[in-house]
A.B. asks: 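Below you will find the structure I want to go over with you.
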Amino acid sequence: MKLNMYKWVDDIIASDKKQALPVLSFPSVQKMGVTVKELTASSDLQAQGIKLIADSFPKCAAAVSYMDLSLEAEAFGSEIRYSDDEVPTVIGSIVDDEDSAEELRIPEIGEARTGLNIEAIRKVVPLITDKPVFAGAIGPFSLAGRLMDVSEAMYYCYDEPDMVHTVLGKVTDFLIAYMKAYKETGCNGVVMAEPLAGLLSYDLAEEFSAAYVRKIVEAVQDENFLIVYHNCGNSAVATIDTIVSNGCRVFHFGNAVDMADIMPHMPANCIALGNVDPARQFRNGTPESVYAATIEVMEKCCKYPNYVISSGCDIPPMTSWDNINSFFKAVDDFYAR
């Protein structure tokens, strides 16, 4: 469904009662009776899962795809660990010096599982006609970090900056092409996850993340296709100026930061989403604790017209549906006051 997404943002900001927008997709496996591993290998199952969530929670402001931060790294050649109950993860590294960075091949769109995920979005777009559909992709520094080894990436920024920029240039070119392929499916945007940038200092975040995010946004975003920027690191407040200047109109923050600290920095024409803890509350909490945590965040942040309640990150696959329902009940009750 084609929408003017800039108007969609403006309409949400102008609304007194806002629909929640959690990063909610993987728990669909429970109701479909499939494993996460089976889901990640099938475009049909992925499309069914996104549609199932959209139908189950009609008060979601948008339908979102799966936050699988291994997918693009796999296309570059990384080894991936799959699990029946957990999201796939990257093992080891494939870049550790300037030579391997120079030799790194940019994959074609469609290699590994990239084509499968694009096809999943292509299949689900015609099925959801009452709200935007967002695909999912990783951010540039987070992808580069997975290729170089997440634990080493920050050290490389200091010790091997040229190597890091070489990798970043290649992954940015790939991500631009990848998001343009998503755009061609007719979806309304991409949630771009850049969690590794949330560990960087201000100067490093500007040089090694924000500068490349801007290139992607400038190349891909327009009034019909939004990039939603996600950062779940604990330095998001300290680096907020590098974030809000990256060209996006919608920003999503994890529970490592207090949303009340984020909101004063958010431009009035941009939406900020966050940040009920996906692990401690959604996955391991109770309906009562999820309800209380949701109300707590809303009480602190809903005084800002551009705030929308969300999970702090991707809600884990085996999260209780009672907990998810409790989140939405809290949102309804808050706005019914």
Side-chain angles (χ1 to χ4, degrees), residues 12-13 15-32 36 39 49-67 85-87 128 130-134 136 191 193 195 228 230-232 236 250-263 271-337:
I12 288 176
I13 294 172
S15 173
D16 291 332
K17 296 182 178 181
K18 306 180 197 306
Q19 292 183 320
L21 184 43
V23 185
L24 174 59
S25 53
F26 271 111
S28 63
V29 296
Q30 298 178 53
K31 292 207 169 183
M32 291 194 294
V36 174
L39 180 78
I50 296 169
K51 172 63 172 169
L52 185 154
I53 294 291
D55 289 345
S56 299
F57 302 103
K59 292 184 179 181
C60 264
V64 298
S65 185
Y66 307 91
M67 192 177 282
D85 296 334
E86 300 291 340
V87 180
I128 298 175
D130 60 338
K131 64 187 68 180
V133 176
F134 288 101
V191 178
V228 177
H230 165 80
N231 183 318
C232 57
V250 184
F251 301 88
H252 189 278
F253 297 94
N255 49 281
V257 298
D258 190 329
M259 283 303 299
D261 293 333
I262 290 287
M263 293 312 302
I271 292 172
L273 301 159
N275 66 358
V276 178
D277 192 324
R280 190 163 63 92
Q281 290 299 343
F282 278 100
R283 177 66 180 92
N284 296 309
T286 64
E288 294 75 20
S289 70
V290 171
Y291 185 98
T294 304
I295 294 292
E296 180 182 1
V297 178
M298 295 183 75
E299 286 180 339
K300 290 191 295 184
C301 297
C302 282
K303 62 184 178 181
Y304 296 94
N306 56 340
Y307 170 72
V308 174
I309 186 68
S310 180
S311 54
C313 196
D314 191 27
I315 296 175
M318 304 315 293
T319 294
S320 162
W321 279 63
D322 288 341
N323 287 358
I324 299 170
N325 285 325
S326 186
F327 167 81
F328 284 101
K329 184 178 189 307
V331 177
D332 285 344
D333 289 353
F334 180 88
Y335 283 121
R337 293 176 176 179

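Below, all heavy atoms of this structure are taken into account, side chains as well, without hydrogens, waters or symmetry copies. The first residue of the sequence shown is numbered 1, and numbering continues consecutively from there. Note that the structure is predicted; figures quoted are calculated from it, not measured.
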A.B. asks: Strictly distance-based, threshold 3.5 Å: is any side-chain N or O of Asn255 a donor or acceptor partner for the main-chain N or O of Val276?
C.D. replies: no
A.B. asks: For Ile309 and Met298, work out which heavy atoms get closest and say how close.
C.D. replies: CD1-CG, 3.8 Å
A.B. asks: Of all residues at least two apart in sequence or in a different chain, which pass the side chain to side chain donor-acceptor pair (under 3.5 Å) check with Gln30?
C.D. replies: none
A.B. asks: With sequence neighbours left out, what residues match Thr286 under side chain to side chain donor-acceptor pair (under 3.5 Å)?
C.D. replies: Glu288, Ser289
A.B. asks: Which heavy-atom pair separates Pro316 from Pro27 by the least distance, and what is that distance?
C.D. replies: O-CG, 3.3 Å
A.B. asks: Is it the case that atom CG in Asp130 sees more than 12 heavy atoms from other parts of the structure closer than 6.0 Å?
C.D. replies: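 Counting neighbours around CG of Asp130, more than 12 heavy atoms of other residues, nucleotides or ligands fall under 6.0 Å, so yes.
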A.B. asks: Counting only N and O atoms by type, is there a donor-acceptor contact under 3.5 Å from the side chain of Thr294 to the main-chain atoms of Val290?
C.D. replies: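 Between the backbone of Val290 and the side chain of Thr294 there is a qualifying donor-acceptor contact (under 3.5 Å).
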A.B. asks: Are any non-hydrogen side-chain atoms of Val87 and Pro317 less than 4.5 angstrom apart?
C.D. replies: yes
A.B. asks: Hey, what do you get for CZ (Phe26) to OG1 (Thr319), rounding to the nearest 0.5 Å?
C.D. replies: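 Taking CZ in Phe26 and OG1 in Thr319, the distance rounds to 11.5 Å.
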A.B. asks: Looking at residues at least two apart in the chain, or sitting in another chain, which of them share a side chain to side chain donor-acceptor pair (under 3.5 Å) with Lys51?
C.D. replies: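 Partners of Lys51 by the side chain to side chain donor-acceptor pair (under 3.5 Å) criterion, ordered by chain and then number, come out as Asp55.
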A.B. asks: Start with the C-alpha distance between Val36 and Glu86, add both sets of side-chain angles, then the distance that settles side-chain contact (heavy atoms from CB on, under 4.5 Å), and finish with yes or no.
C.D. replies: CA-CA 6 Å; Val36 174; Glu86 300 291 340; over 6 Å; no
A.B. asks: Listed by chain and number, what are the salt bridge (Lys or Arg N to Asp or Glu O under 4.0 Å) partners of Lys31, not counting sequence neighbours?
C.D. replies: none
A.B. asks: So which heavy atom on Cys301 is nearest to which on Met263, and how close?
C.D. replies: SG-CG, 4.1 Å
A.B. asks: According to ring pair (Phe, Tyr, Trp, His ring centres under 6.0 Å), does anything in residues 280-322 pair up with another residue at least two apart or in another chain? List the pairs.
C.D. replies: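 For residues 280-322, and leaving out neighbouring residues, the ring pair (Phe, Tyr, Trp, His ring centres under 6.0 Å) pairs sorted by first residue read Phe57-Trp321, Phe282-Phe327.
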A.B. asks: Out of curiosity, Lys18 NZ to Ile13 CD1, how far, rounded to the nearest 0.5 Å?
C.D. replies: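 Here the rounded value is 7.5 Å.
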A.B. asks: Rounded to the nearest 0.5 Å, how far apart are CG of Leu52 and OG of Ser25?
C.D. replies: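 Between atom CG of Leu52 and atom OG of Ser25 there are 11.5 Å.
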A.B. asks: Before you tell me yes or no, could you show the steps for Gln19 and Lys131 under side-chain contact (heavy atoms from CB on, under 4.5 Å), namely the whole-Å CA-CA distance, both residues' side-chain angles and the distance that decides it to 0.1 Å?
C.D. replies: CA-CA 11 Å; Gln19 292 183 320; Lys131 64 187 68 180; over 6 Å; no
A.B. asks: When you compare the side chain of Ser310 with that of Phe253, does any pair of heavy atoms fall below 4.5 Å?
C.D. replies: no
A.B. asks: State the CD1-CG distance between Ile262 and Leu273, to the nearest 0.5 angstrom.
C.D. replies: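 The CG atom of Leu273 is 12.0 Å from CD1 of Ile262, to the nearest 0.5 Å.
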A.B. asks: What pairs with Lys59 under side chain to side chain donor-acceptor pair (under 3.5 Å), at least two apart in sequence or on another chain?
C.D. replies: Asp332
A.B. asks: Applying side-chain contact (heavy atoms from CB on, under 4.5 Å) to Ile50 and Ser65, what does each step give before you reach the verdict?
C.D. replies: CA-CA 6 Å; Ile50 296 169; Ser65 185; 3.9 Å; yes
A.B. asks: Just verifying a value: how many Å separate Leu24 CG and Tyr66 OH, rounded to the nearest 0.5 Å?
C.D. replies: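 The CG atom of Leu24 sits 10.0 Å away from the OH atom of Tyr66.
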A.B. asks: OG/Ser311 to CZ/Arg283 distance, rounded to the nearest 0.5 angstrom?
C.D. replies: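 Going from the OG atom of Ser311 to the CZ atom of Arg283 covers 15.0 Å.
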A.B. asks: Is a donor on one side and an acceptor on the other found under 3.5 Å between the side chain of Asn275 and the backbone of Val257?
C.D. replies: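 It does hold such a pair.
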A.B. asks: Could you check if a side-chain atom of His230 sits within less than 4.5 angstrom of a side-chain atom of Val23, using non-hydrogen atoms only?
C.D. replies: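 When only atoms from C-beta onward are counted, Val23 and His230 do not touch, as no gap falls below 4.5 Å.
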A.B. asks: Of all heavy-atom pairs between Cys232 and Ala256, which one has the smallest distance, and what is that distance?
C.D. replies: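 Scanning both residues, the minimum pair turns out to be O-CB, 3.6 Å.
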